[in-house]
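Beneath this line is the structure, given in structure tokens, with notes to follow.
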Amino acid sequence: MELHTINHLRELEAESIFVIREVAAQFENPVMLFSGGKDSIVMFFLARKAFFPAKVPFPLMHIDTGHNFEETISYRDDLAEKTGTKMIVKYVQDSIDNGRAVEEKGVNASRNVLQTVTLLDAIEEMKFDCAMGGGRRDEEKARAKERFFSHRDEFGQWDPKNQRPELWNLFNGKKHIGEHFRVFPISNWTEMDVWQYILMENIPMPSLYFTHEREVFCRDGVWLATAPFMQLKPGEKAEVKRIRCRTIGDITCTGVALSEANTLEEIIQEVAASRVTERGGRADDKRSEAAMEDRKKEGYF
Amino acid sequence: MIDNKIAGLSGKEIGYLDMELLRFTTAGSVDDGKSTLIGRLLYDSKAIFEDQMEAIERASISRGGEEVNLALLTDGLRAEREQGITIDVAYRYFATPKRKFIIADTPGHIQYTRNMVTGASTANAAVILIDARNGVIEQTRRHAYIAALLQIPHVVVCVNKMDLVEFSQEVFEAIKKDFTEVAHKLGNNDVNFIPISAKLGDNVVDPSQHMDWYIGPTFIGLMETIPVGGDHNFSDPRFPVQYVIRPQSDQYHDYRGYAGRVAGGIFRVGQEVVALPGGQKTTIEGIDLGEQTLPIAFPPQSVTLRLAHEIDISRGSMIVDAVNQPVQGQEIDLMVCWLNSKPLQHRGKYLLKHTSNEMKCVVTEVAYKVNINTLEEIHDDTTIGLNEIAKISIKTTRPIFYDSYKKNRETGSLILIDEGTNNVVGAGMIL
Ligand SMILES: Nc1nc2c(ncn2[C@@H]2O[C@H](COP(=O)(O)OP(=O)(O)O)[C@@H](O)[C@H]2O)c(=O)[nH]1
Ligand SMILES: [Mg+2]
């Protein structure tokens, strides 16, 4: 018998394209969440491949905390313009201003958790029945149990102990009015897979992922970038270092890595040698052992 | 084996980017050491990072454990950590230079059989753990049965806790003999045996220092070399259409492509095909993947097919070889694993999903259920509850295009959905 195989990246690609096409076919009004990080960039490029030569048949949506790296915003706007994709931006600041969300206080204040309010409001307002996210199961232990098609009740909540069985490639997007789905097309990718794929496909990345000089400070063993809305604690000192981001999220809780990696190949080598997970630098996960599970139940990404 | 040109690989991909993917599922009774084995694999293959290790250490100590409990790595939900058990399928990832592995870690409790079926549905291999002190027990038979029912191409039996039986060859050989008998009866594919100690690491990643009598590969050595190329069907071309691509732009004014994932066989440019239902003949004009065009497409590739003639094709259609066609019909016999606490309703109506097709069906007969401990057919009690496996017949509202599950896991599988709750209640394998 004539046999053929494809490599692991092509197999992951095929799986993700399949899932994204299922979303387009099964839902009436889906949206793809876009954070400006590498995972959502890869997810978007997979979506382009899935529908080429047609345009991606759903909009992107960025939940903007207002606490961004500048490069994220320029990359986002550039990408939308060059690919002719609709980019919806929803602001956490608006949720705070209209009293739906309350800003955290103190030096560790972050708008990360508040994004959930803005996201759920946007889903309700714009009547999205499915929101695709770039979450990966290798990121965190609660994510390791999430389905590709993850059902949310009318309050946007996830019930991890009562998940629907998901078998073969038969994805079930059936729901009642008011409920929605979160779908994670790159569930099975690891950080390494993402970088290898970016290299293989030569996907343009924000400069933040490559080494550059930036003013940073060290908090609880994690390097964070300084920003006007970040307060230094006594004893913390801002200094200029050569760093790169391993994840890109809200600036207040995105740890950066001291690094000289300047090419995709060097990044891959660094990821291969790394002894700390990419989320090891994320203050939002350190809050408790079940921090991610608790946030996800409430409707977080 | 890897055909670079056909898979559309660039020069850069050759070398360390070029790994195969292997998906495996774990099965065993509670405390047989599944979580420990997986923790060990991740730890020894250095897929556990320092911050995760620190978190496990912290959690182990706070739970009064003396040593680091590697099981905490996979037991992700709060309830699981509190109760010290695994309650849902957890997916874990690690890679060696040869392969990337996806593990579906499934719980062994009786009430969670549905999770093993879930993990098994996409697996290339089933790893079945046996406690060397207990040997082949009822649960082991159940796991072997599910592996056979779900047609998992490879079975790896790990006889664990060898340290607790003084690394005895006799114990291992006796278990091997018992399991071989079971597997023979059930029709398991490609069965392999390894004596291990997940806790101490013997024969997991590194060869054991305590079992000179064992000359086979380590667990990881075996998993790196099990041939996965033949796990898909390469002989019967099947292409369920997922989505129709019509750009309607100036540049691609007349483009019409059928998007989907190859579910079986090999499709070539120029090949004569038929679109079901309808049965109109045409030829494949082009195969696209993004901006690339490919000469052939095979499982599990996601591609877009362009056809020579304009014919009526939409989601739910299937493009197949003109000569080699699937069965078409509305009356279907299948084995079903029931996944819901509300039992199967005789004469009940369910929503059915099969490939990209969706329709209603009615259960016309429950022939028997299987006692998964004795593997006997039970004909006088046909109440099918959670975790039970039965042979049933259904009638669909429209014909579906299918193969037997034995022939093709993609075109031979289906799910049943409860219309009231929208929950997936049954997993079906067509006979
Ligand atoms: N002595 C010994 N104990 C083991 C071995 N593998 C697992 N265990 C222990 O058996 C218990 C259950 O293991 P666990 O991995 O949680 O089992 P699971 O329920 O199958 O996931 C734990 O206390 C482990 O430390 C082994 O190879 N030898
Ligand atoms: Mg366990």
Side-chain angles (χ1 to χ4, degrees), chain A residues 1-15 17-18 21-22 24-25 48-55 137-138 140-145 151 160-161 163-170 172 174-176 187-188 190 192-193 196 199-200 274-277 279-280 289-290 293-294, chain B residues 1-3 6-7 9-10 12-13 17-21 49-52 59 76-79 87-93 95 100 102 114 117-118 121-122 229-230 234-235 242-243 245-247 252 255 259 261 266 289-291 298 300-302 315 339 353 409 413 415 417 422-424 427:
Chain A
M1 194 174 35
E2 179 185 345
L3 300 182
H4 296 273
T5 53
I6 47 179
N7 76 14
H8 70 295
L9 298 174
R10 291 293 177 213
E11 187 162 344
L12 291 171
E13 175 189 70
E15 177 179 83
I17 288 175
F18 178 83
R21 285 169 170 172
E22 278 303 290
R48 290 194 72 204
K49 241 188 195 193
F51 302 104
F52 185 85
K55 281 191 182 149
R137 288 172 177 157
D138 83 317
E140 209 281 332
K141 49 190 181 301
R143 283 203 200 277
K145 311 223 153 172
H151 178 255
K161 273 188 279 182
Q163 297 192 77
R164 294 177 177 183
E166 198 163 77
L167 299 105
W168 296 290
N169 292 312
L170 296 166
N172 172 19
K174 294 274 164 218
K175 59 181 176 346
H176 294 293
S187 286
N188 278 333
T190 62
M192 186 55 129
D193 299 327
Q196 289 183 342
L199 172 66
M200 184 170 93
S274 173
R275 300 304 301 138
V276 184
T277 63
R279 295 197 82 92
E289 210 188 325
E293 183 183 340
D294 292 343
Chain B
M1 274 284 282
I2 292 166
D3 192 330
I6 288 164
L9 305 183
S10 68
K12 268 191 253 169
E13 290 176 68
L17 298 188
D18 228 355
M19 306 188 291
E20 279 176 328
L21 187 60
F49 293 96
E50 272 168 16
D51 52 329
Q52 287 174 318
L77 301 175
R78 187 192 283 270
I87 56 175
D88 202 349
V89 187
Y91 293 90
R92 305 294 315 185
Y93 303 83
K100 172 194 165 86
I102 301 180
R114 71 169 211 182
V117 172
T118 302
S121 70
T122 51
F234 281 91
S235 38
Q242 251 189 304
Y243 192 85
I245 296 179
R246 297 217 58 188
Y252 295 98
Y255 188 99
R261 195 169 187 190
I266 301 169
L289 171 56
E291 292 175 53
F298 51 86
Q301 286 184 311
S302 282
R315 178 174 169 85
L339 309 169
K353 259 183 193 280
R409 287 168 94 190
S413 54
I415 54 172
I417 297 170
N422 291 326
N423 216 334
V424 177

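Labels below follow one simple rule: chain letters A, B, ... track the order of the sequence lines, proteins then strands, and each chain is numbered from 1.
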Practice prompt. For the pair A/R48 and B/E291, find out whether any cationic side-chain nitrogen is under 4.0 Å from an anionic carboxylate oxygen.
Written response: no
Discussion item. Run B/K100 and A/Q196 through side chain to side chain contact (heavy atoms under 4.5 Å, CB included) and show every step you take.
Written reply: CA-CA 13 Å; B/K100 172 194 165 86; A/Q196 289 183 342; over 6 Å; no
Response to the item:
Applying a strict 4.5 Å limit to non-hydrogen atoms, the region of B/I102 in contact with chain A is side chain
Worksheet item: So which of A/A54, A/P53, A/P165 has the largest heavy-atom pair count under 4.5 angstrom toward chain B?
Response: A/P53
Discussion item. Would A/E13 and B/L289 count as a side chain to side chain contact (heavy atoms under 4.5 Å, CB included) here? Give the steps.
Written reply: CA-CA 11 Å; A/E13 175 189 70; B/L289 171 56; 3.8 Å; yes
Side chains of [X] and [Y], heavy atoms from C-beta outward: is any pair under 4.5 Å?
{"X": "A/R164", "Y": "B/L339", "answer": "no"}
{"X": "B/P300", "Y": "A/E15", "answer": "no"}
{"X": "A/R137", "Y": "B/Y93", "answer": "yes"}

Worksheet item: Parallel, tilted or perpendicular for A/H4 and B/F298, by the 30°/60° rule?
Response: parallel
Discussion item. Any donor-acceptor pair under 3.5 Å linking the side-chain atoms of A/N188 with those of B/Y91?
Written reply: no
Fill in: Evaluation steps, side chain to side chain contact (heavy atoms under 4.5 Å, CB included), between B/V89 and A/K145
CA-CA 6 Å; B/V89 187; A/K145 311 223 153 172; over 6 Å; no
Item to complete: For the pair B/R315 and A/E22, evaluate salt bridge (charged side-chain N to carboxylate O under 4.0 Å, His left out) and give the outcome as yes or no after the intermediate values.
Response: CA-CA 10 Å; B/R315 178 174 169 85; A/E22 278 303 290; 2.9 Å; yes
Report the distance from atom [atom1] of [X] to atom [atom2] of [Y], rounding to the nearest 0.5 Å.
{"X": "A/T190", "Y": "B/R92", "atom1": "OG1", "atom2": "CZ", "answer": "12.0 Å"}
{"X": "A/N169", "Y": "B/T122", "atom1": "CG", "atom2": "OG1", "answer": "7.5 Å"}
{"X": "A/F18", "Y": "B/Q242", "atom1": "CZ", "atom2": "CD", "answer": "4.5 Å"}
{"X": "B/K353", "Y": "A/N172", "atom1": "NZ", "atom2": "CG", "answer": "6.0 Å"}
{"X": "B/Y243", "Y": "A/I17", "atom1": "OH", "atom2": "CD1", "answer": "14.0 Å"}
{"X": "B/L21", "Y": "A/E11", "atom1": "CG", "atom2": "CD", "answer": "4.5 Å"}

Item to complete: Mind ranking B/A427, B/S235, B/G290 by heavy-atom pairs under 4.5 Å with chain A and telling me who comes out on top?
Response: B/G290
Discussion item. According to salt bridge (Lys or Arg N to Asp or Glu O under 4.0 Å), who are the partners of A/E166, at least two apart in sequence or on a separate chain?
Written reply: none
Discussion item. Is A/H151 in contact with chain B via its backbone, its side chain, both, or neither, using a 4.5 Å heavy-atom distance?
Written reply: neither
Worksheet item: Taking the side chain from B/S121 and the backbone from A/L167, do they hold a donor-acceptor pair closer than 3.5 Å?
Response: no
Worksheet item: Taking A/H8 for the side chain and B/M19 for the main chain, is one N or O donor matched with an acceptor at less than 3.5 Å?
Response: yes
Worksheet entry | Steps toward side chain to side chain contact (heavy atoms under 4.5 Å, CB included) verdict (A/F52, B/Y252) | CA-CA 10 Å; A/F52 185 85; B/Y252 295 98; 3.7 Å; yes
Fill in: Shortest non-hydrogen separation from B/S302 to A/A14 and the atoms involved
OG-O, 2.7 Å
